[in-house]
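Reviewing the structure listed below.
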Amino acid sequence: MAHAFSKAGPEGWSCGKCGRKLEPVSVNVEYMGSSFFVELPGCPDCGSILIDSELAEGKMLEVEKLLEDK
Amino acid sequence: MNRPEDRPSRTSPDVQFSGRTPGGAIGRATGRTADGAVNLADGRIDNRTGDRIDDRADGRVDNRADGRIDDRVDNLTNQVVGDEAVADKTGVPPSQKAKPAADDPYGPLRRVTGSTLRPGGLELTKRALSFCRFPQGASLLDAGCGQGATLELLLASGFKAVGLDADPAQAAQAAQAAQKAETRIGFLEDLPFADASFDGLFCECVLNLTDRERALREIARTLKPGGFFILSDIFKKGGTLELPAAKQPEPKKNLLASSGTSLPTGSAAPSGTDRPVRSGFRSDGPAGEASSRPPDCRQGALTIREMLTQLENLSLVVDLVEDHQKALDSLAAALVWEYGAKGYAQLLGLGGCLEAGSKEKFTYALVVARK
């Protein structure tokens with residue numbers, strides 16, 4: 001994927017497209033018709049949101065399982 | 001004016017899960033402004049025609065003469081919070097989350113839900129207000145007002161707001177949050193108000209914790225003729241949902257001009273029982289009386305059909321039934337996100353209705369009935 005995030009040392013992630021350091025952004029997450037607000041790192045310029053593997057394999061997976069069980 | 005924690009940011013990007021994301025999916029923000037629209041569930045009923053749920057294309061339930069439900073939603077939104085987006089249907093943005101007191105037993109839940117402490121938050125309250133179309137100055141009781149989130153909304157919408165809670169600490173916080181509202185301490189099973197006191201009565205995520213039959217009798221007693229009972233709560237899934245033969249609603253009246261007692265400005269609501277204050281939504285109910293209160297909202301839940309029967313037995317005409325399963329699911333999801341699956345399991349004692357995978361399935365619904 002051409003547009004990616006890059007880790008910029010100890011300060012954390014930055015946007016591969018814009019070069020801006022990611023900032024906490026309020027994000028409305030939707031899955032299977034349910035939605036809720038969370039805070040995730042995002043690019044202040046282009047609005048892209050980073051979901052790292054720890055999050056994807058952790059709480060996001062747990063939420064998916066919960067909603068799929070309902 | 002709503003408090004900041006009740007409002008999402010104006011530019012809340014949406015991210016849609018795209019299924020499993022083991023490699024760390026990147027979601028693109030759309031930058032879509034949260035519009036605060038009520039997420040209307042699919043399963044609604046129309047009591048004018050007796051249609052079964054899901055039989056109609058739009059699934060809407062509306063027993064009023066003109067059938068208009070949504071036409072005032074936008075106006076109401078503007079009236080309450082200006083052009084700001086209204087609270088989301090699940091909770092509040094992380095940056096605006098409430099910071100509950102350390103000794104608040106519902107603190108972990110409140111952190112996610114904000115001050116409303118219920119699925120759907122204020123969205124369902126606004127939905128009910130848009131449906132009922134109370135005139136300005138209407139006298140509205142929030143029975144089980146908690147910390148007063150609904151009272152604030154009612155005041156901001158131009159209504160005369162009265163709050164009741166059995167927990168003195170909650171009632172005190174409500175009085176602080178909604179200073180122009182009158183607040184009382186008391187039980188739903190023994191409302192400290194005269195007959196025909198209110199144009200509308202809200203009972204949001206509370207009725208299942210009461211001795212329901214007694215509470216419903218009190219609710220019917222204190223409503224003015226033509227007044228609305230607004231119920232949102234947990235319901236068991238199952239049973240048929242078709243409504244009884246539709247009754248023709250009476251022409252719309254100015255509720256304030258109907259019979260009943262108006263509340264004098266700046267004074268206590270009329271009380272038919274000037275008894276000492278009692279405290280707590282305790283399992284023992286009103287002092288000195290045996291109670292059939294359920295231990296939690298799950299055990300106290302009925303099916304929607306059973307609830308409608310109870311309302312009809314009190315000669316209340318059911319005008320609106322909406323299923324808001326997604327509000328319940330979204331709250332559960334937000335709690336898992338916040339606390340993880342294990343932490344969520346520990347929270348179930350605060351809200352057993354949230355449990356996934358249990359034999360008994362639950363939903364959340366909004367019901368509006370008219371006296």
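Here is the naming used below: chain letters follow the sequence lines, and residue numbers restart at 1 for every chain.
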Inter-residue atom distance B:W337.CH2 - A:L66.CG, 0.5 Å rounding: 13.0 Å
For A:D69 against B:K361, the heavy-atom pair lying closest together: O-NZ, 3.7 Å
Set of salt bridge (charged side-chain N to carboxylate O under 4.0 Å, His left out) partners for B:D233, sequence neighbours left out: none
Side-chain donor/acceptor of A:E62 to backbone N/O of B:A341, under 3.5 Å: yes
Which atom of A:V63 lies closest to which atom of B:V336, heavy atoms considered: CG2-CG1, 3.7 Å
Smallest separation among heavy atoms of B:K326 and A:M32, with atom names: NZ-O, 2.9 Å
Side-chain donor/acceptor of B:S330 to backbone N/O of A:F36, under 3.5 Å: no
Residues forming a side-chain contact (heavy atoms from CB on, under 4.5 Å) with A:P24, sequence neighbours excluded: A:E39
